[in-house]
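Working notes, beginning with the structure itself.
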Amino acid sequence: QVQLMESGGGLVHTGGSLRLSCRASGSIRGLNQMGWYRQAPGSERELVADITTGGSINYAEPVKGRFTISRDNALNTVYLQMNSLKPEDTAVYYCNVKIIRKPSIESPPRTVDYWGQGTQVTVSS
């Protein structure tokens, strides 16, 4: 019902740039927060950056000053501009969206997470 189309991953040298995109479609009424997580080999998934519908942004400390997250609400798309890439940025990057669901008028609202399939980012040294 919810589809997340990710693109933009690839292989770059140290200092290079990539731009990730993730477009949400399907049953996305109530779409709220969008963001990016990553998982490097041998490590757990970690937050990279996220952004709310209202534009509030959160960055992980290792990417501050190098990555920029943005979104186009009309296109239901979130972007991650990654500059000055380092080998330690190598990971699978996953798009994440949070949708507020309310099955009935008397049901409490519930936030549901959806995940993209992941796109590989590799930074060579």
Side-chain angles (χ1 to χ4, degrees):
Q1 297 299 315
V2 175
Q3 181 182 2
L4 302 180
M5 184 184 301
E6 300 168 311
S7 64
L11 172 64
V12 298
H13 294 289
T14 298
S17 297
L18 288 171
R19 188 188 189 219
L20 306 183
S21 298
C22 175
R23 183 168 187 169
S25 61
S27 183
I28 56 173
R29 186 182 185 90
L31 176 65
N32 190 10
Q33 186 170 292
M34 307 184 76
W36 293 93
Y37 290 71
R38 68 186 182 187
Q39 185 169 11
S43 63
E44 296 184 348
R45 182 181 63 187
E46 64 179 9
L47 173 71
V48 178
D50 57 29
I51 182 170
T52 68
T53 302
S56 180
I57 295 172
N58 181 46
Y59 291 106
E61 187 64 31
V63 308
K64 288 182 178 178
R66 299 188 297 120
F67 292 9
T68 302
I69 190 170
S70 61
R71 66 187 289 170
D72 187 328
N73 290 332
L75 296 177
N76 299 311
T77 301
V78 63
Y79 308 94
L80 186 68
Q81 179 67 45
M82 304 185 294
N83 298 325
S84 302
L85 283 163
K86 305 174 181 179
E88 50 262 45
D89 295 317
T90 295
V92 177
Y93 284 69
Y94 296 92
C95 179
N96 168 258
V97 303
K98 300 183 185 297
I99 297 177
I100 299 174
R101 304 294 192 187
K102 199 173 187 297
S104 69
I105 191 169
E106 295 185 347
S107 299
R110 177 188 175 209
T111 300
V112 181
D113 282 276
Y114 296 89
W115 297 91
Q117 64 182 351
T119 183
Q120 178 69 46
V121 171
T122 302
V123 184
S124 65
S125 59

*Which heavy atom in Ala24 sits nearest to a heavy atom in Leu4, and how many Å separate them?*
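That would be CB-CD2, 3.6 Å.
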*Minimum heavy-atom distance between Gly9 and Leu20, given as atom pair plus value*: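 In terms of heavy atoms, the two residues are closest at N-CD2, 3.5 Å.
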Should [X] and [Y] count as side-chain neighbours, where that means a heavy-atom distance under 4.5 Å?
X     : Y     : value
Lys86 : Val63 : no
Thr77 : Cys22 : no
Leu18 : Leu85 : yes

Enumerate donor-acceptor pairs with a distance under 3.5 Å from any side-chain N or O in residues 41-54 to protein atoms, sequence neighbours excluded.
{"residue": "Ser43", "atom": "OG", "partner": "Ala40", "partner atom": "N", "Å": "3.2"}
{"residue": "Ser43", "atom": "OG", "partner": "Ala40", "partner atom": "O", "Å": "2.8"}
{"residue": "Glu46", "atom": "OE2", "partner": "Arg38", "partner atom": "NE", "Å": "3.0"}
{"residue": "Asp50", "atom": "OD2", "partner": "Gln33", "partner atom": "NE2", "Å": "3.2"}
{"residue": "Thr52", "atom": "OG1", "partner": "Gly54", "partner atom": "N", "Å": "3.4"}
{"residue": "Thr52", "atom": "OG1", "partner": "Gly55", "partner atom": "N", "Å": "3.3"}
{"residue": "Thr52", "atom": "OG1", "partner": "Ser56", "partner atom": "N", "Å": "3.1"}
{"residue": "Thr53", "atom": "OG1", "partner": "Asn32", "partner atom": "O", "Å": "3.1"}
{"residue": "Thr53", "atom": "OG1", "partner": "Asn32", "partner atom": "OD1", "Å": "3.4"}

Once side-chain contact (heavy atoms from CB on, under 4.5 Å) is applied, do any residues pair with [X], and if so which ones, sequence neighbours excluded?
X      : answer
Ser25  : Gln3
Ser17  : Gln81, Asn83
Val92  : Tyr94, Gln120
Arg101 : Val2, Ser27, Ile99, Val112, Tyr114

Among residues at least two apart in sequence or on other chains, which ones pass side chain to side chain donor-acceptor pair (under 3.5 Å) with [X]?
X      : answer
Glu106 : none
Thr68  : none
Arg66  : Asp89

*Linking I/L/V/M/F/W/Y whenever their side-chain heavy atoms sit closer than 4.5 Å, directly or via other members, would Ile57 and Trp36 fall into one cluster?*
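Same cluster: Ile57 reaches Trp36 through Ile, Leu, Val, Met, Phe, Trp or Tyr contacts under 4.5 Å.
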_Using a 4.5 Å cut-off between side-chain heavy atoms of Ile, Leu, Val, Met, Phe, Trp and Tyr, which other residues end up in the same hydrophobic cluster as Leu11?_
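Listed partners: none, Leu11 stands alone.
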*Taking ILVMFWY side chains as joined if any heavy atoms are under 4.5 angstrom apart, and letting links pass through other members, which residues group with Leu75?*
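Once heavy-atom contacts under 4.5 Å are chained together, Leu75 belongs with Tyr79.
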Straight-line distance of [X] [atom1] to [Y] [atom2], nearest 0.5 Å:
X     : Y     : atom1 : atom2 : value
Met82 : Phe67 : CE    : CZ    : 5.5 Å
Asp72 : Met34 : CG    : CE    : 10.0 Å
Leu80 : Arg19 : CG    : CZ    : 10.0 Å
Tyr59 : Ile69 : OH    : CD1   : 6.5 Å

*Do side-chain atoms of Glu6 reach the backbone of Cys95 as a donor and acceptor pair under 3.5 angstrom?*
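The answer is yes, because a donor-acceptor pair under 3.5 Å joins these two groups.
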_Test your reading of the model: is there a side-chain donor-acceptor pair from Lys102 to the backbone of Ser107, 3.5 Å cut-off?_
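Answer holds: yes.
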*Partner set under ring-ring contact (aromatic ring centres under 6.0 Å, His included) for Tyr37, not counting sequence neighbours*: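 Per chain and number, Tyr37 pairs via ring-ring contact (aromatic ring centres under 6.0 Å, His included) with Trp115.
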*Give every residue pair that meets the disulfide (SG to SG under 2.5 Å) criterion with at least one member in residues 25-63, sequence neighbours excluded.*
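Found none.
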_Surrounding CD of Glu88 (heavy atoms of other residues, nucleotides or ligands, distance under 6.0 Å), is the total greater than 12?_
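Correct, the count exceeds 12.
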